[in-house]
Amino acid sequence: MAAALSLEQIKDLAARKPNEPVNWPCLADWDLGNEPASDMVRDLSGLGHDGLCVNQPAGAVQGSNWDSSTLDWRHAPEQYGAIHFHHDFESLGWHEDLRLTVPVEWPSSCYAARLRGEDAEFYVPFYLRQPANALSDVAFLAPTATYAAYVNMVSQQQGVEYALGCVGVTYTPLDLLAVGLPGPGRSLYDPHEDGSGRWIGSLRRPVLNRQPGGWLWNFQIDLCLLGWLARASPDHNVLTDEELDREGLAALEGCRVLVTGSHPEYWSQPMLQALDGFLARGGRLMYLGGNGFYHTIDFHPHRHGLVELRRRNSMMGRVEAGDAYISFTGRLCGVWRNLGRPEQSLVGVGYRTEAFDRCSYYRRLPAGDDPRAHFIFEGITECIIGDFGILGGAAGLEVDTVDRALGTPRHALVVAASEGHSSSYMRPMSGTEFFTALWNAPQESLSVLI
């Protein structure tokens, strides 16, 4: 306003509809609910004082006049005039200090710019994709949407450390720096400093734990997978989640085998639709991870590297009822299983439970002798598989299961299953979660190999 308002004017303003004009001079009338994915805030006063948002605030949130008549901000934009501003995300205008020209003869893979000072070292990872005229029939899909959710994690990282009793958890100096340096912003598992949930993640900022040897475990495993692919299929291609989202099925042109990363948890609808088309035309999917294809995300329509993740009915933080539609695209958020796309219907297995006390092993099952599984166990004679490693075994932490009711094919072979998990693993049942020692019963075998 051009002047301080009287008490009567404040009462009058509170009673007005969001776009109803006022009768006193104003400097700007900002419409915070317009185009939630845009950085621009329109000035409705006619004076041309449009605003510019910084630090990527969260739009498409219910305003004080929300009346619960709709949960979709597109159907009643006048009820979504609120916006969440935060200072602890990312700042616009990072200065460019280094530009790297990549030689055309470099093979497709993951690389990193190595930055060194007197007593410090920092890596900036990036992926190199083959040119369109040199396509391979094998492609690795780097789960960059999942990375954007986990990078710079603090609160969950500390919680896992306590749960594991510091066993199997290692930190680099940069991992520890993430705890005491809030400037680059936290992960989508950490709340903002005001306690509200984080919905928007970014890879276009200083990322402290996505380093070789750092705490971001799925990135470390994916580097091992790329090392294996370099030997098994030297001419393989690498593309990212964002490229698959943006280009759709065209991104997989010429590809016959698509290899996932170790933890491809977050997927957008365009990504899944591209995968559907790939499989429908005869493509082969190698799912080399767990807890994959689990939750919805969306990429920003204009700015690269930005992911929006809103959670409903989750232990990791819930959105309000009226905030369930993503601002970037207007799509409904949530677990894909609750949106009609359970993981079992795509890859046969899906997330079921988790715990962080100890891990178990796999026991080979009679289906492992099926001729279709011969190639899996070639050279392997043991019945117990993976009874060693971090926390004691290869099966645990997050556990996937088969479930024919959710789409596991009847012809699927369960060639091995884990057993002997502790009662710390939550058992979902009838919409609730509880702990029980019955989880160790033989018939309750959990994670599987198919």
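Small disclaimer: the values here were computed from a predicted structure and weren't measured.
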Over 60° means perpendicular and under 30° means parallel, so tell me whether Phe126 and Tyr111 are parallel, tilted or perpendicular.
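It falls in the parallel class, under 30°.
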
Determine whether the aromatic ring centres of [X] and [Y] lie less than 6.0 Å apart.
X: His84; Y: Trp199; result: yes
X: Phe219; Y: Tyr147; result: yes
X: Trp73; Y: Tyr325; result: no
X: Tyr150; Y: His263; result: yes
X: Phe140; Y: His236; result: no

We want to know whether [X] and [Y] form a side-chain donor-acceptor pair, criterion being a heavy-atom distance below 3.5 angstrom.
X: Ser422; Y: Asp357; value: yes
X: Asp72; Y: Thr70; value: no
X: Tyr266; Y: Tyr294; value: no
X: Asp403; Y: Thr401; value: no

Give a yes or no on whether a salt bridge exists between Arg129 and Glu247, defined as a side-chain N under 4.0 angstrom from a carboxylate O.
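Salt bridge: yes.
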
Identify whether the distance between the nearest side-chain nitrogen and carboxylate oxygen of Asp50 and Arg42 falls below 4.0 Å.
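Salt bridge flag = no for Arg42 with Asp50.
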
With the side chain counted from C-beta on, respond yes when [X] and [Y] share a heavy-atom pair under 4.5 Å apart, and no when they do not.
X: Val138; Y: Arg256; value: no
X: Val319; Y: Arg311; value: no
X: Trp336; Y: Gln269; value: yes
X: His86; Y: Arg198; value: no
X: Tyr123; Y: Leu115; value: no
X: Val402; Y: Gln344; value: no

Minimum heavy-atom distance between [X] and [Y], given as atom pair plus value:
X: Thr260; Y: Leu288; answer: OG1-N, 3.0 Å
X: Tyr127; Y: Cys110; answer: CE2-CB, 3.5 Å
X: Phe299; Y: Thr329; answer: O-CG2, 4.4 Å
X: Ser202; Y: Val151; answer: O-CG2, 4.0 Å
X: Asp400; Y: Gly290; answer: OD2-CA, 3.5 Å
X: Leu239; Y: Ala251; answer: CD1-CB, 3.8 Å

Find the distance between [atom1] ([X]) and [atom2] ([Y]) and round it off to the nearest 0.5 Å.
X: His300; Y: Ile326; atom1: NE2; atom2: CD1; answer: 12.5 Å
X: Leu229; Y: Ser136; atom1: CG; atom2: OG; answer: 9.0 Å
X: Ile297; Y: Arg310; atom1: CD1; atom2: CZ; answer: 13.5 Å
X: Ile83; Y: Trp30; atom1: CD1; atom2: CH2; answer: 11.5 Å
X: Gln62; Y: Gln79; atom1: CD; atom2: CD; answer: 9.5 Å
X: Glu320; Y: Leu71; atom1: CD; atom2: CG; answer: 11.5 Å

Who are the side-chain hydrogen bond (donor to acceptor under 3.5 Å, both in side chains) partners of [X], not counting sequence neighbours?
X: Ser360; result: none
X: Asp276; result: Arg341
X: Trp217; result: none
X: Ser327; result: Glu308

Can you list the steps and then say if Arg303 with Gln56 is a side chain to side chain donor-acceptor pair (under 3.5 Å)?
CA-CA 11 Å; Arg303 296 180 62 192; Gln56 198 61 47; 2.5 Å; yes

Audit row: Leu397, Glu354, side-chain contact (heavy atoms from CB on, under 4.5 Å) steps and yes/no
CA-CA 5 Å; Leu397 301 185; Glu354 66 182 44; over 6 Å; no

Any pair counted as salt bridge (Lys or Arg N to Asp or Glu O under 4.0 Å), so long as it reaches residues 289-302, sequence neighbours left out
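Output for this query lists Asp298-Arg331.
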
Which residue pairs satisfy the salt bridge (Lys or Arg N to Asp or Glu O under 4.0 Å) criterion with at least one member in residues 213-226, sequence neighbours excluded?
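For residues 213-226: none.
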
Would Val207 and Val124 count as a side-chain contact (heavy atoms from CB on, under 4.5 Å) if you check the C-alpha gap in whole Å, the side-chain angles of each, and the deciding distance to 0.1 Å?
CA-CA 8 Å; Val207 172; Val124 183; over 6 Å; no

So, does [X] use its side chain to make a donor-acceptor pair with the main chain of [Y] at under 3.5 Å?
X: Glu343; Y: Tyr351; result: yes
X: Thr408; Y: Gly348; result: yes
X: Arg204; Y: Gly305; result: no
X: Asn291; Y: Glu265; result: no
X: Arg284; Y: Val257; result: no
X: Asn218; Y: Ser262; result: no
X: Asn55; Y: Phe85; result: no
X: Thr296; Y: Cys333; result: no
X: Asn152; Y: Arg186; result: no
X: Asp31; Y: Val41; result: no

Step by step, work out the side-chain contact (heavy atoms from CB on, under 4.5 Å) result for Val307 and Ile200.
CA-CA 6 Å; Val307 168; Ile200 300 173; over 6 Å; no

side-chain contact (heavy atoms from CB on, under 4.5 Å) for Val349 and Tyr287? Distances and angles first, verdict last.
CA-CA 10 Å; Val349 295; Tyr287 176 33; 4.1 Å; yes

Please test Ser268 against Asp245 for side chain to side chain donor-acceptor pair (under 3.5 Å), starting from the C-alpha separation and ending with a verdict.
CA-CA 7 Å; Ser268 69; Asp245 176 271; 2.6 Å; yes

Tell me whether the count of non-hydrogen atoms from other residues, nucleotides or ligands lying under 6.0 Å of CZ in Arg74 goes above 12.
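For Arg74, atom CZ is crowded (more than 12 foreign heavy atoms under 6.0 Å).
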
Checking side chain to side chain contact (heavy atoms under 4.5 Å, CB included) between Leu244 and each of Thr144, Leu275, Leu252, which is the one that passes?
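Filter result, single survivor: Leu252.
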
